[in-house]
Amino acid sequence: MFDSIGWVEILLIIVAGLFILGPERLPTAASWVGKTVRQVRDYATGAREQLKQEMGPEFEQLRKPLEDLRELRNFDPKRAITKHLWDDDSSDKPNGHPVTPQPAVDRERPLQQGERPPFDPDAT
């Protein structure tokens, strides 16, 4: 619910609450906010359970497209390509062998006298 709120924002809200409400009324206000959030969460859970009971198996058919939409909202191109190419496991190659780091090759060394540069006929 509060994925984008960090500790700095929470601390800022507490400090603002101290200045606005004062130290005497802040604990009662915090408990009221906690009870209200808990009550809203209980109402949402109850509504979901009631809908699930009334709709039966059709509820799952309704939930599937909504989960797909939620997945599209969190779309990451790198993750999508990894999932498509390697079945969502970037640590393995398509043939099932683990990815091993290759040693760095010194390609920047100068050519020796009479040495021909490397040539790739497929690249031209």
Checklist line | Minimum heavy-atom distance between Leu21 and Arg25, given as atom pair plus value | finding: O-NE, 3.2 Å

Notebook entry, point to check: Just wondering, are more than 12 heavy atoms of other shown residues or ligands nearer than 6.0 Å to CD in Glu58?
Noted result: no

Margin query: Are more than 12 heavy atoms, taken from residues, nucleotides or ligands other than Glu115, located less than 6.0 Å from that residue's CD atom?
Written below: yes

Notebook entry, point to check: Considering residues at least two apart in sequence or located in another chain, which fulfil the salt bridge (charged side-chain N to carboxylate O under 4.0 Å, His left out) criterion with Glu54?
Noted result: none

Checklist line | Residues which pass salt bridge (charged side-chain N to carboxylate O under 4.0 Å, His left out) with Glu49, listed by chain and number, not counting sequence neighbours | finding: none

Item checked: Contacts of type side-chain contact (heavy atoms from CB on, under 4.5 Å), residue Leu51, not counting sequence neighbours -> Met55, Phe59

Check: Should Ile14 and Trp7 be counted in the same cluster of Ile, Leu, Val, Met, Phe, Trp and Tyr side chains packed under 4.5 Å apart?
Finding: yes

Item checked: Listed once per pair and sorted, the side chain to side chain donor-acceptor pair (under 3.5 Å) pairs that draw on residues 30-39, sequence neighbours left out -> Gln39-Tyr43

Note to self: Run the side chain to side chain donor-acceptor pair (under 3.5 Å) test against Gln53 and tell me which residues pass, sequence neighbours left out.
What the structure shows: none

Checklist line | For Asp68, all residues meeting side chain to side chain donor-acceptor pair (under 3.5 Å), sequence neighbours excluded | finding: Lys64

Margin query: To the nearest 0.5 Å, what is the distance between CG on Leu26 and CG on Leu18?
Written below: 5.0 Å

